[in-house]
Amino acid sequence: MYASVVIEYPIKTLDKTFTYKIPEELNDKIKVGMKVSVPFNNHFVVGFVLNIVDDYEGNYELKEIKEILNPELVLSPELLSIADYLVKEVLCTKIVAIETMLPATLKTKAKKDDYALYETYVYLNKDIFIDEEKFKNKKKQLAIINILKNKEMVLKKEFAGSSLKALLSADIVREKKIQKYRLQERHKQEEIKTLTKDQDEAYQKIKSYFGQAKTILLWGVTGSGKTEVYINLIREVLKLGKTALVMVPEISLTTQIALRFYEVFGQDVAILHSSLSAGEKYDEYLKILRGEVLVVVGTRSAVFAPLQNLGIIIIDEEDSSSYKQENYPKYHARDVAIYRSIYNQIPLVLGSATPSLETKARADKKVYEEVVLTKRINGAQLPKIYIVDMAEEMRQKNMIFSSLLKQKIKEKLAKKEQIILLLNRRGYSTFITCSNCGYTYKCPSCDISLTYHKSTNNLICHYCGFQIPKNALCPKCGVDGLNYYGLGTEKLEAELKKLFPMARVIRMDQDVTSRKGRHEEIIKAFKKEEYDILLGTQMVSKGLDFPRVSLVGVINADTTLNIPDYKSNENTFALLHQVAGRAGRSTILGEVVIQTFNPDNYVIKWVAASNYQKFYLQEMTFRHKLKYPPYYYLVSIKVISKDYQIALNEAIKVKKYLIKNLLAKTIVLGPTTAAILKFKDEYRMQIIIKYQFDEKLKKVLKALDELYSTNKNCYIDIDFNPNRI
Ligand code: ADP
Ligand code: ZN
């Protein structure tokens, strides 16, 4: 028998399969989808078996497969077909597509074959008769025997060394290793809630699509109880003997949801997200492969979870940009989910209070089914929203807090209600400039000023991570003239403590949550009302459900609005509407204060009116006029080089090539400098393609990609439906 194997090198010239002979002893063990070691150019490399055939017609003397690595890892026909799909849709090589679907510990570069954690247990050898007389002078050994007599087995480390050793060497006691999953088991704690009438209607409607490949938008206002609808659907799916996949945005935004799934499904849940350790991810992946769990909750790459017999896929907060991978291969988890929904003939539920414009437009055109939840649970009202003009406040010297926000904070603190404050910028101050010589700290590799972090006294590039300590005096002129500008969460926290010294304040952003488990701690502590004010970046905007929060304050609504990108309106609306939705979710009425320099902007206006529909319609007009999604598809092509001139010259060539080869009605714009021209010491030129239908597009771009794959001075980066341009 023979196997075709794709090997570990991700380069385009090796993007094909190689045929190997299967040695006799592996004949009945080897399967399509297995990870193997094969000889290649006088050494051994790792690859995946893509096909097995009985005969080989060729003249070459074939080499043999050396061994199977991880016998448990067998990529299913479904996963292999997803790999084909990725190759075609995002233009990556086959091996890259396969590796993207696997946790690091199972990729070809993994350092060992088995990352499992084992614990050693000892047990009594039942075949040996124990004559207690003989142990008269060996009290310690006898004690061990007596303990083991009543137990199936005991952890080895619970006994002292020498006595146990003697028993082991006499074969009276034996030992065995058992795999231990790293994540602590969580048991079911709660029953499923009975759905309200509205929820039940939504649930029934979605349920009617079981067994069909249908994408359904579940558009539910904040606090309408979407999670319980998901949970009821999943329970039904499990009853049918099937499994469920639930996608959540960055885990920071959804810790509470993940906890809720543990509460109702306990050990049937595996969780996959980026803040797990490599070992934990390995364990969770194995649980799924072994069929030991029925529900997977995870972030972007969990869309490749090897669940067998899928019955439903749910994507919560479907508009989150985190579902798009920003690195090669630039896939979108929503598209992969649609593929899996068709492959398995199962429904895909896209849930959000602020659906992406693409999704809403498809629902309007009846491509997707649409199910709506218009009311909050328990008759809770949507919050009352105040817009504050910060230009006016500045004149009155209210630099950070408007007088209204100050007053509301005071009120809520007095009533022992809770407050959430959003500032979408981490760090202390966003840049430092010398008042004497004008020097500004900038990243040496990127075209960006450095953000000051006071707690560590470091200046950090938020793009590439470069950091240096801050000098006491200006590093250029030596004068004591360094001034701090711009407001970050760290400084906001300090100011808040000055203004309200009695308030208990907790901050949540990337800096304080880098420690594992810190998110969960903060959320639990805030829920238990150990704090009055939770302040943070967008991490506080979604998925949080605290009944005592009656005030949400947005310190600066303009941080996202001012980003020069066609999606900044959509992103700003979603962010503000979602964070406003954290207020008044229970019996207390919620209030929201939004501070902005653009009080007349229509995004702000529709946020104030809590009206997604109106925002959507107005934004669609704008998108239509400027030929943006969802009316046109976008492709961003970056031409990247260490040399500015080369990047520019090649970009001009690329544009000519595209215009010559694409359909005439397809629009090719640029080249312009990318939003961040210089990143990690490379210059980036950008070309934008806008198209509605162009059957030549994929072929032309693939050829372009291949053309540049051997260029030593520059490379290109192709991004379909980019998150930003
Ligand atoms: P959404 O995700 O739509 O913003 P959540 O799923 O967070 O809303 O639900 C809001 C709140 O309502 C949560 O505290 C949840 O426990 C509660 N809830 C949801 N459904 C029910 C129900 N059927 N009965 C009682 N409480 C519910
Ligand atoms: Zn940098």
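Whatever order the structure lists them in is the order used to number ligands and atoms, beginning at 1.
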Which option out of [options] puts a heavy atom nearest to [atom]?
atom: atom 1 (P) of ligand 1; options: Gly223, Gly581, Ala380; result: Gly223
atom: atom 7 (O) of ligand 1; options: Arg585, Lys226, Lys542; result: Arg585
atom: atom 22 (C) of ligand 1; options: Leu195, Asp545, Thr194; result: Thr194

Test log, rule side-chain contact (heavy atoms from CB on, under 4.5 Å), inputs Ile725 and Leu634: CA-CA 9 Å; Ile725 58 172; Leu634 293 181; 4.1 Å; yes

Give yes or no for whether the N/O distance cutoff of 3.5 Å, strictly under, is met between [X] and ligand 1.
X: Gln199; result: yes
X: Thr227; result: yes
X: Ile377; result: no
X: Asn378; result: no

Using the salt bridge (Lys or Arg N to Asp or Glu O under 4.0 Å) definition, which of the options Lys542, Lys567, Arg334 pairs with Asp319? Lys542

After noting the C-alpha distance and the side-chain angles of Ile216 and Lys205, does the key distance pass the side-chain contact (heavy atoms from CB on, under 4.5 Å) rule? CA-CA 10 Å; Ile216 303 145; Lys205 185 82 181 272; over 6 Å; no

Which protein heavy atom lies closest to atom 27 (C) of ligand 1, and at what distance to 0.1 Å? Lys193 CD, 3.5 Å

Give a yes/no on ligand 1: does Gly220 have at least one heavy atom closer than 4.0 angstrom to it? no

